[in-house]
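Everything below concerns the one structure shown next.
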Amino acid sequence: MSNKFSPALRVGDLNDFIAPSQGCIVSLKGLKASKSTKQDKVEKQEKVVPTVNLEPARIKSAKQDRIEKLGKVAPTVSSEAVKVNLKDCLACSGCITSADTVMLEKQSLDEFLLNIESGKAVFISLSPQSRASLAAHFGLSPLQVFRKLTTFFKSLGVKAIFDTSCSRDISLIESCNEFVARYKQHLSNNSELSKSSLPMLASSCPGWICYAEKKLESYILPYISSVKSPQQTIGAIFKHHHCQKMDLNQGENANDVADLSFSEVDSVLTTGEVLDLIRLKSVDFKALEESPLDKMLTNVDEDGHLFGVNGSSGGYAETIFRHAAKTIFGRPIEGPLNFRTMRNSDFREVILEVEGKTVLKFATCYGFRNLQGIAKKVKDGKCDYHFLEVMACPSGCLNGGGQIKPKEGQPAKDLLQSVERVYMEDVLVADPFENPLVKSLYDEWLERPGSEIAKKHTHTEYHPMVKSIASELLNW
């Protein structure tokens with residue numbers, strides 16, 4: 001995962017909740033705190049983050065200013081407090097309340113706007129999940145949202161806005177290549193290598209990676225795919241390749257390009273924060289003109305259609321399954337895969353049988369209820385899956401903590417169904433290996449899937465995180 005999120009955290013109320021999910025993705029069972037005064041809560045918060053140089057009064061004032069600008073009134077919330085240690089946080093950005101917020105300093109509108117106002121060249125990448133959330137909220141198509149966001153962000157001074165579906169195709173290709181290598185290694189006679197080859201666990205969910213590094217320690221890490229998430233991959237592509245092509249000066253980081261000692265993604269905004277920004281600027285989003293898309297790193301064809309893979313959480317299980325079936329067993333699969341729902345709707349599996357023997361067994365595993373069970377099976381050596389598409393949030397990425405919350409009176413389930421319906425609207429299903437943008441990136445720069453330069457820029461390593469809270473803060 002990325003070597004740091006932020007040097008500081010904002011500390012807010014302890015009655016936070018994840019939205020639009022029904023509850024925090026970290027199990028809070030047994031963590032209910034006894035009733036205490038507001039002063040007690042402040043004292044506990046100050047003890048949790050002793051090294052953070054923030055003044056609670058200033059933070060509250062800044063938040064109140066934003067609420068006033070947005071024309072919102074913060075309602076009084078009365079609920080039983082829950083005690084959550086900072087070391088339990090997975091940086092999912094879901095802990096957002098109507099009062100103060102627990103947010104990463106780098107993941108803020110203030111930081112984003114400050115970079116633009118300081119004259120820096122700012123480039124944005126947009127995930128298809130965020131696109132779908134905004135489309136469902138405004139009653140538009142994902143393509144309309146993309147074009148309107150291009151207009152909106154460029155009016156603020158952003159240079160270009162790209163599509164992480166493009167970098168996701170590279171992540172998928174690298175993941176396919178890694179799985180085939182792991183599968184063959186698993187069948188080898190080297191018992192030590194084959195032991196930690198499979199199952200291969202997807203690496204695109206930052207909440208899952210945070211949890212693995214913080215809680216599951218070293219036993220789980222060898223099984224996690226080394227491929228970076230699409231978000232990190234597009235940062236690597238832009239800063240290590242396109243900046244040089246465009247002759248863009250990266251300022252104080254210019255001398256660090258060769259040794260990778262700078263952040264590939266400088267700031268992260270949730271979908272909800274983008275909506276806040278639109279409101280902050282008093283923009284009638286539905287009335288905005290639609291601008292042409294920036295095609296440098298965007299999956300858009302000559303006719304203006306978006307294209308990408310199936311799968312609301314990245315399509316890792318489906319894409320790798322099809323590739324492995326064709327590459328390893330010579331069994332190209334036409335038509336939809338037959339995923340079977342297992343213990344619940346967030347755990348589904350698909351298998352490939354050859355001559356009556358199961359040779360591929362894949363699953364999608366969403367939410368901590370399922371994730372913790374799989375982690376235990378891996379630890380005990382009893383997991384019989386070859387690959388698992390692991391996501392921290394129940395129902396996957398479309399239901400992520402940073403997505404737009406339901407409107408007043410709207411059930412969360414109805415909102416999720418609406419986002420799921422709109423997700424692939426106006427999007428053509430396409431093979432990542434046939435993406436012309438991806439082909440050119442390999443030809444010009446990455447050489448081939450799994451090459452040394454591809455591993456250098458699109459793969460990463462994982463390490464168990466230290467237990468000291470003070471030490472953890474330095475790595476955010």
Side-chain angles (χ1 to χ4, degrees), residues 2-3 120-128 146 150 158-181 203-204 225-251 253-266 292-309 314-316 319-320 323 327 427-461:
S2 177
N3 62 347
K120 293 181 180 178
V122 176
F123 297 82
I124 289 179
S125 62
L126 173 68
S127 76
F146 200 170
T150 301
V158 170
K159 301 300 181 185
I161 177 168
F162 302 127
D163 174 24
T164 57
S165 295
C166 175
S167 55
R168 181 179 62 186
D169 282 349
I170 289 184
S171 294
L172 286 167
I173 290 172
E174 290 295 322
S175 296
C176 286
N177 182 76
E178 181 185 3
F179 177 80
V180 170
S203 58
S204 60
S225 167
S226 64
V227 178
K228 291 178 181 178
S229 68
Q231 178 196 90
Q232 291 297 314
T233 298
I234 201 165
I237 294 169
F238 192 79
K239 289 201 173 182
H240 296 293
H241 181 59
H242 281 295
C243 276
Q244 282 68 50
K245 285 182 65 176
M246 299 167 66
D247 196 27
L248 283 175
N249 182 9
Q250 298 187 57
N253 294 324
N255 296 324
D256 296 330
V257 174
D259 60 15
L260 310 181
S261 62
F262 64 93
S263 297
E264 292 167 337
V265 176
D266 300 290
L293 302 181
D294 296 300
K295 295 185 177 181
M296 181 186 293
L297 289 173
T298 295
N299 281 6
V300 57
D301 63 18
E302 293 301 322
D303 297 323
H305 297 293
L306 297 170
F307 60 90
V309 297
Y316 284 81
T319 302
I320 298 171
H323 180 77
T327 304
V427 180
L428 305 176
V429 177
D431 183 354
F433 289 86
E434 299 303 319
N435 186 334
L437 291 174
V438 170
K439 285 182 175 181
S440 66
L441 283 168
Y442 276 106
D443 290 341
E444 296 174 5
W445 180 44
L446 296 174
E447 297 177 356
R448 65 185 183 283
S451 68
E452 286 304 312
I453 191 168
K455 287 180 179 178
K456 179 180 179 181
H457 293 297
T458 66
H459 291 244
T460 187
E461 295 178 346

Point-to-point distance, once rounded to the nearest 0.5 Å, from NZ of K120 to NZ of K159: 13.5 Å

Where is the tightest heavy-atom contact between F307 and A430, given as atom of each residue plus distance? CD1-CB, 3.9 Å

Report yes or no: does S171 contribute a side-chain atom to a donor-acceptor pair with the main-chain N or O of K228 at less than 3.5 Å? yes

Please enumerate all residues that pass salt bridge (charged side-chain N to carboxylate O under 4.0 Å, His left out) together with E452, with sequence neighbours excluded. none

Say whether, by atom type as modelled, one donor and one acceptor occur between the side chain of E174 and the main chain of H459 under 3.5 angstrom. no

Please work out whether the ring planes of F433 and H323 are parallel, tilted or perpendicular, with thresholds of 30° and 60°. parallel

Among pairs that include at least one residue of residues 427-440, which meet salt bridge (Lys or Arg N to Asp or Glu O under 4.0 Å), considering only residues two or more places apart or in two chains? E434-K439

For I173, run the side chain to side chain contact (heavy atoms under 4.5 Å, CB included) check against T319, V438, V227 and tell me which one passes. V438

Give, for atom CE of M296 and atom OG of S440, the distance between the pair rounded to the nearest 0.5 Å. 10.5 Å

Say whether, by atom type as modelled, one donor and one acceptor occur between the side chain of E447 and the main chain of Y442 under 3.5 angstrom. no

Do L306 and N299 touch side chain to side chain, with heavy atoms closer than 4.5 Å? no

Are any non-hydrogen side-chain atoms of V309 and Y316 less than 4.5 angstrom apart? no

Looking only at heavy atoms, which two atoms of G450 and A454 are closest? And how far apart? N-CB, 4.1 Å

Contact check, side chains of L441 and L297, non-hydrogen atoms, under 4.5 Å: yes

Of all heavy-atom pairs linking S229 and S204, the shortest is CB-O, 3.6 Å

For F146 and T298, the nearest pair of non-hydrogen atoms, with its separation, is CE1-CG2, 3.6 Å

For a 4.5 angstrom cut-off between non-hydrogen side-chain atoms, does S226 reach E178? yes

Do the side chains of L293 and D163 get nearer than 4.5 Å, heavy atoms only? no

Tightest non-hydrogen contact, residues S175 and I320, listed as CB-CD1, 3.7 Å

Between N435 (side chain) and L437 (backbone), is there a donor-acceptor pair under 3.5 Å? yes

When the ring planes of H240 and H457 are compared, do they come out parallel, tilted or perpendicular, using 30° and 60° as the limits? tilted

Residue list, ring-ring contact (aromatic ring centres under 6.0 Å, His included) with H305, at least two apart or on another chain: none

Under 3.5 Å donor-acceptor, T164 side chain and L126 backbone: yes

Would you find a donor on one side and an acceptor on the other, under 3.5 Å apart, between the side chain of D294 and the backbone of F162? no

Yes or no on side chain to side chain contact (heavy atoms under 4.5 Å, CB included) for S167 and I237, after CA distance, side-chain angles and deciding distance? CA-CA 8 Å; S167 55; I237 294 169; 4.2 Å; yes

Looking at T233, is its backbone amide N or carbonyl O close enough to the side chain of T458 to form a donor-acceptor pair, meaning the two atoms are under 3.5 Å apart? no

Return yes if some donor-acceptor pair links the side-chain N/O of S263 with the main-chain N/O of D266 below 3.5 Å, else return no. no

If the plane angle is over 60° it's perpendicular, under 30° parallel, otherwise tilted; pick one for F123 and F238. tilted

